[in-house]
4 protein chains.
Amino acid sequence: MSSRVGSMTGRPRDPAVDEAIRQATLDLVAEQGYRGVSMEGIAARSGVSKQAVYRRFAGKGEVILDSLVAYARTRLPTPDTGDLGEDLLTLLEETFAAQRGVPGALNQALAAEALQDPDFARRVTDTLIQSRRAAVGEILDRARSRGQVTYPDNDVLIDLVFGPMWYALVFDATKLTDAYATELSAAVTTLAASPPD
Amino acid sequence: MSSRVGSMTGRPRDPAVDEAIRQATLDLVAEQGYRGVSMEGIAARSGVSKQAVYRRFAGKGEVILDSLVAYARTRLPTPDTGDLGEDLLTLLEETFAAQRGVPGALNQALAAEALQDPDFARRVTDTLIQSRRAAVGEILDRARSRGQVTYPDNDVLIDLVFGPMWYALVFDATKLTDAYATELSAAVTTLAASPPD
Amino acid sequence: MSSRVGSMTGRPRDPAVDEAIRQATLDLVAEQGYRGVSMEGIAARSGVSKQAVYRRFAGKGEVILDSLVAYARTRLPTPDTGDLGEDLLTLLEETFAAQRGVPGALNQALAAEALQDPDFARRVTDTLIQSRRAAVGEILDRARSRGQVTYPDNDVLIDLVFGPMWYALVFDATKLTDAYATELSAAVTTLAASPPD
Amino acid sequence: MSSRVGSMTGRPRDPAVDEAIRQATLDLVAEQGYRGVSMEGIAARSGVSKQAVYRRFAGKGEVILDSLVAYARTRLPTPDTGDLGEDLLTLLEETFAAQRGVPGALNQALAAEALQDPDFARRVTDTLIQSRRAAVGEILDRARSRGQVTYPDNDVLIDLVFGPMWYALVFDATKLTDAYATELSAAVTTLAASPPD
DNA sequence: GGATAAGCGAGACGGTACGTCTTGTCTTCTC
DNA sequence: GAGAAGACAAGACGTACCGTCTCGCTTATCC
C-alpha cells in the first residue's frame, strides 16, 4: 500500500484509518459486490476523507488489493502431506471455499480492475498471483523429488490449477465446489504423473 | 441482440444503425481498450443517438457481446483432422491468435462486464461460452469414438482448455502465444488419453 | 387549429382524433398541470399517433390553445345589466371562477408557451386575448354611451381588468376569488367614472 | 441562493464560480432568451461543472432568480418627490425601461419557471415580488400621509401597478414604453385619489 | 518551545458517463 | 392520403464517481 520511505517528520498516518478503509472495503464488497465499491463509498463508509484514501492508494484496485492481502494474511501454510493428489486437493478445497466468501468477491473485483488497467494487472501478478503460484510450485517440486511428477513444466500445470478458477470467477462462481476441487486436483495429478512422450 | 420478435408494425430498425454501432464499438475497443468504451462514446463515434443504442441494448455489455458475436460469425469451422492433438492445437492456435487482436480486447471487455453483473455473466455464458465449449466437446467426442479419449468427463477437459485462456486475458494477454497453444493442447491431449485409475 | 384549404383528395381527417387530442390535453393539464403536458403524453393518452397530433398542430402551444378555445366555446354572452359595475363584476366573477378550474391551468400553460415563443404569443393574442378584451370593450362602450364612463381610453381600463389576473395566474392563482373580483371591478368602475383632469 | 448557514468546514465555495454562473446566465438569456437557457448550457458557458451549478441551485429557476437579484441589487432607491403621480411615474418608467433589456428577459424566464412549479412561484414571490410591492407600498403610504391617497386598500393599487406589466411581459413586452408608464401611473394616481363611495 | 511538516475531515472543483425524457421528423404498413 | 406504430437525431435532465484541490485543525518531529 503506502510507502513513505524517507523523512519521518510531520504527523504520522493513523493506523485506525488504514483499518477503517480495509473494513469498509470488505463490508461493501460483501454486501453489494464490486458494483457497490467506489472510492467515494469507501471513504463515506469508513468515516474517512477521500484524501486519506488517495494518500494511501493510487486507485480502487490498490484498495481492494490491500484489503485482500490483509484478509488473506492469516492463512496459507502450503499443505505437505507427502502425496501430490492430497496436497493439491487440500489446497484447492481451501482456495475454492474462500472464493465462495468475501475473498471471492474481492478476487472478482481485482479481476475487474486488472481488466481495465494492464499496469495494475502486473501489480496484482507480482503481489498476489506469483505467491499463490509459488505455493503450488513448491508442492509440485516436492512431489517431483518423490518421483510423483514427470511432467516437464511446472508452469503449465500451475495454469491448469488456477486457470479454471478464474474462468469460474468471471462467469459462474458457484461452480467452485468441493467436488470440482476433487475433479481438478485429480486431473492435474494424473497429468503430472503421465509418462513423457 | 435486439429481438423484437412479434409485432412488425411501425418503422423498422435501420440496419445501418446496427452496423454503425458495431463498427464504432470495434473501433473504440481496438484503439483504447475497454476503458475507452462508453455508451456515450459509441453513440458519438457511430453518429447515432444514444436512444438508438439504448433501444437495442440494455447496457454496455450487450453492445460488446453483439459486436463480438457479429465479428466471430465469419469464422470457426471446428477442426477435424482425425487426430485429437492436431484438432486441439489448431483450435487453440486460432483462438489465441484472435485474442491477440480485437476479439481479445472484446473478450476482456466482456469479462469486465460479466464481473460487474452476474445476470449478464449468465447471458454471456448462454450466448457465447456454451457454443465455444460445444466445439471442443465435439472434438473430444470424435476423438473418444476413435478411442483417443479415455478421460471420463468432457467438462473438466474443456475447463482445462479455456480456463488458462481467461486467466491470461485477465492478467497477461501476451501469454497467449502459439507456443503456449502447443503446450496446452499437448497437456490436454495427454490427460485425455491417460489410463483411468 | 388546422386549415387544409386546397385539395380535398385522400382520406379525410378523423374528427374523433381531434376530439381525443383535446380531451387528453384537458385530462393531463387537469391532473398534472403544465409540467405533465407533453406532445408525447398527449399522443399516448389519446391513443393517437404523434404524427396525427403534429399534422394538426405546430406545437404544444397550439394544442393547448385549441383545447382552451374548444372548452370555452360553450360560454360567454357578455353581461349587459345596464350598470357598469354590475357588468364588470359578473364578468370577472365568471372569469376568475374559470381560472380556479381547468381553464386556469390551460391559461397558465398558454402563458408558459407564450413566454417561450414570441410568435406564439402573438397567435394567442390574436386568437384569444383580443376577443376577451373586445368583450370588456363592449361593456365599457355601452357604459360610456350611458355616461358612466368618462375615462378617455378603453385600452388602459382593459389592461387594469386583465393584468392582475395574469399576474395572479403566474405567481398565485389562489388569489382569484370572488372577493378579489369584487375589489377589482369596483376599482375599475371608480376609475372609469373619475372626472377627467 | 446558496445559504449554507452553519458549518464552515471543508473547502469554501469559489466566489468566481458564483459569478461565472451569473454572467453566463445573463449572457445566454440576453442572446437567446429563455429558450436558450439550460443548466447544461450555463455550465458550459461559464466553464464550470454541472455539479458546481447543482450544488448551488436546485434548478433553472433558482439560477435565474439569483442572476436577477444580483443584477438588480445595484439599483432601486424608491423615488420620493413629494408627489404620488411623480413617484409612480418615475418608478414605472425605470421599471419598464429595465423590462426592455436583460432584466425583462430574466423576468420572462422567471415567469415561465414559476408557471411550471408552484413551489418556485412562492419562492419568487417571497424573494422578489414582495420587495417590489413594498416599494410601491411605501410610495402610497407616504402619499396617503400627505392626503393624496384616499383609496382604502394598498394591495389592489399595487396589483394595478404590476399586473399590466406582467400581462405585457407574457404577451407583448414591446408595450412597456414610457408612454404606457405615463398612462398607467396617471390611472393609478387618479384612482388612489378618487373619493370613497 | 516554536517552527516545520504532514495527516486529517470536510467538501468544492472540473470532468465524464450514466440512463431517461422530449421534441419534431421520418418511414413502414394498413385502411 | 390518414392513421397507428415506432425509429431517428438532437440535446437537456439530474445523478454518480473520479481524482484533485483547498480550507481549518491536529499531531508529530526537529531545531
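Nothing here was measured: the structure is a model prediction, and the numbers come from that model. Naming: A, B, ... by sequence-line order, numbering from 1 per chain.
- When the P atom of dA17(E) is taken as reference, atom CZ of R45(B) falls 13 Å away, rounded to whole Å.
- Comparing atom distances between the R13(A) side chain and each of dC13(E), dG7(E), dA10(F) picks out dG7(E) as nearest.
- Remark: P of dA12(E) and CD1 of I21(D) are 12 Å apart, rounded to the nearest angstrom.
- Between the CZ atom of F120(A) and the P atom of dC18(F) there is a distance of 14 Å, given to the nearest Å.
- Within the structure, a side-chain polar atom (N or O) of R55(C) is placed less than 4.0 Å from OP1 or OP2 of dG3(F).
- In summary, D18(C) and R13(C) do not engage in a salt bridge, as defined by a charged side-chain N under 4.0 Å from a carboxylate O.
- One atom, CG of D18(C), and another, P of dG3(F), lie 8 Å apart when rounded to the nearest Å.
- The CZ-P distance, from R56(A) to dG7(E), rounds to 8 Å in whole Å.
- Between R123(C) and E62(C), at least one side-chain N (NZ, or NE/NH1/NH2) sits under 4.0 Å from a carboxylate O, which counts as a salt bridge.
- Remark: E40(B) does not engage K60(B) in a salt bridge, criterion side-chain N to carboxylate O under 4.0 Å.
- Rounded to whole Å, atom C1' of dC17(F) lies 12 Å from atom CD of E113(A).
- Checked for salt-bridge contact, D27(A) and R45(A) meet the test: a charged N lies under 4.0 Å from a carboxylate O.
- Remark: R35(C) does not engage D117(D) in a salt bridge, criterion side-chain N to carboxylate O under 4.0 Å.
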Could you list, one pair per line, each protein nitrogen or oxygen that sits under 3.5 Å from a nitrogen or oxygen of nucleotides 22-31 of chain E, together with the distance?
residue: dT23(E); atom: OP1; partner: K60(C); partner atom: NZ; Å: 3.3
residue: dT23(E); atom: OP2; partner: M39(C); partner atom: N; Å: 2.9
residue: dT23(E); atom: OP2; partner: E40(C); partner atom: N; Å: 3.3
residue: dG24(E); atom: OP2; partner: Y54(C); partner atom: OH; Å: 3.2
residue: dG24(E); atom: N7; partner: K50(C); partner atom: NZ; Å: 3.1
residue: dG24(E); atom: O6; partner: K50(C); partner atom: NZ; Å: 2.8
residue: dC26(E); atom: O2; partner: R11(B); partner atom: NH1; Å: 2.9
residue: dC26(E); atom: N4; partner: Q51(C); partner atom: NE2; Å: 2.2
residue: dT27(E); atom: O4'; partner: R11(B); partner atom: NE; Å: 3.3

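- Checking dA4(F), dC8(F), dG15(E) against the side-chain heavy atoms of S49(C) singles out dA4(F) as nearest.
- If you take CD of Q32(A) and P of dA16(F), they are 13 Å apart, rounded to a whole angstrom.
- Ionic pairing of D66(C) and R22(C) is present here: one or more N-O contacts between side-chain nitrogen and carboxylate oxygen are shorter than 4.0 angstrom.
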